[in-house]
Amino acid sequence: PTRPRPKIILVLGGPGSGKGTQSLKIAERYGFEYISVGELLRKKIHNTSSNRKWSLIAKIITTGELAPQETTITEIKQKLMQIPDEEGIVIDGFPRDVAQALSFEDQICTPDLVVFLACSNQRLKERLLKRAEQQGRPDDNLKATQRRLINFKQNAVPLVKYFQEKGLIITFDADRDEEEVFYDIRMALDNKLF
Ligand code: UP5
Ligand code: MG
């Protein structure tokens with residue numbers, strides 16, 4: 001008998017909303033595979049030297065803009081093909097807008113659930129600033145952070161609405177402590193997925 005396809009959970013939210021943090025918790029709790037799309041792109045840039053296409057994408061990301069959607073989807077597809085038979089896959093940080101959501105559904109599948117981490121602008125800024133001091137990603141500078149916040153704000157409402165109309169999205173108050181947020185996510189996932 002063929003196994004059912006893995007459950008696909010998308011985790012969305014602003015820069016610093018806790019996508020990475022909560023996605024890893026979900027992956028660990030349920031034994032799911034974890035994909036960070038931002039990380040996928042950053043690794044590809046790191047491993048691809050002197051290639052025109054990827055130097056351009058590096059520039060785009062460093063300024064806080066979005067990589068071309070076809071490139072991103074191709075990377076996601078490749079990554080998904082490498083994943084063995086998993087029960088579930090958590091995808092962190094994709095799609096970024098409605099056009100990307102449509103392409104994902106067209107070219108990959110309809111997600112089983114979308115987790116949206118709603119976080120105030122103030123909190124997003126605080127967290128990114130703190131992380132910038134500790135690690136410093138190339139796009140954690142002030143200018144790029146502002147750009148990431150603006151892009152997110154522009155795209156978030158239509159994107160959330162899109163998944164709402166399909167009855168696929170659950171919104172969580174992500175201003176709270178990590179553990180409090182995860183408790184609610186866990187309750188929702190237990191309820192919706194199993
Ligand atoms: N933290 C987390 N949760 C907390 C909590 N509840 N209370 C207090 N602190 C909390 O968290 C951020 C920081 O806050 C950490 O220090 C954490 O400890 C703390 P994190 O879990 O890292 O948040 P996350 O939402 O993952 O923030 P991140 O900065 O990764 O979000 P971005 O959306 O900016 O980054 P991403 O890697 O997804 O994308 C980067 C860039 O890649 C994009 O800007 C874009 O240029 C490009 N990209 C695309 O073009 N297309 C894509 O599809 C994806 C990415
Ligand atoms: Mg992240």
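Atoms within each ligand, like the ligands themselves, are counted from 1 in listed order.
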Could you say whether the N/O atoms of [X] and ligand 1 ever approach to under 3.5 Å?
X   : value
G93 : yes
A67 : yes
G18 : yes
T21 : yes
G20 : yes
R42 : yes

Numbered atoms and elements of ligand 1 in range of [X], under 4.0 angstrom, heavy atoms:
X    : value
E178 : 3 (N), 4 (C), 5 (C), 6 (N)
R131 : 12 (C), 16 (O), 22 (O), 27 (O), 28 (P), 29 (O), 30 (O)
L128 : 29 (O)
V37  : 52 (C), 53 (O), 54 (C)
T72  : 53 (O)
D177 : 6 (N)

Can you tell me which residue and heavy atom of the protein come closest to [atom], and the distance to 0.1 Å?
atom                    : result
atom 31 (O) of ligand 1 : K19 NZ, 3.0 Å
atom 27 (O) of ligand 1 : G16 N, 2.9 Å
atom 53 (O) of ligand 1 : F94 CD1, 3.1 Å

I want to know whether Y30 and F194 have ring centres closer than 6.0 Å.
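That pair passes the under 6.0 Å test.
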Could you check whether any side-chain heavy atom of [X] comes within less than 4.5 Å of a side-chain heavy atom of [Y], counting everything from C-beta outward?
X    : Y    : value
L12  : P95  : yes
F182 : R186 : yes
E65  : N151 : yes
L10  : L168 : no

Residue part near ligand 1, for [X], under 4.0 Å between non-hydrogen atoms:
X    : answer
D140 : neither
L41  : side chain
R137 : side chain
D139 : side chain

Can you check which of [options] brings a heavy atom nearest to [atom]?
atom                    : options         : value
atom 42 (O) of ligand 1 : I61, I91, L149  : I61
atom 34 (O) of ligand 1 : R176, R148, E75 : R148
atom 13 (C) of ligand 1 : R96, R127, E65  : R127

Rounded to the nearest 0.5 Å, what separation is found between the CD atom of Q154 and the CD1 atom of I150?
7.5 Å
Distance from I185 atom CD1 to K192 atom NZ, nearest 0.5 Å?
14.5 Å
Quick check on [X] - does any of its heavy atoms sit under 4.0 Å from an atom of ligand 1?
X   : value
G14 : yes
G13 : no
Q69 : no

Between [Y] and [X], do the side chains contain a donor N or O and an acceptor N or O under 3.5 Å apart?
X   : Y    : value
E33 : Q82  : no
E39 : Y34  : no
Q69 : S103 : yes

Name of the residue among Q134, Q135, R131 meeting side chain to side chain donor-acceptor pair (under 3.5 Å) with D140
R131
From the list D92, V37, V90, side chain to side chain contact (heavy atoms under 4.5 Å, CB included) partner of K19 resolves to D92
Is there any salt bridge (charged side-chain N to carboxylate O under 4.0 Å, His left out) pair reaching into residues 106-118, and which pairs are they, with sequence neighbours excluded?
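Matches after skipping sequence neighbours: R5-D112.
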Run the salt-bridge test on K161 and E165 with the 4.0 Å N-O cut-off and return the result as yes or no.
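Salt bridge present between K161 and E165.
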Any ion pair linking E126 and R123 (charged N to carboxylate O, less than 4.0 Å)?
yes
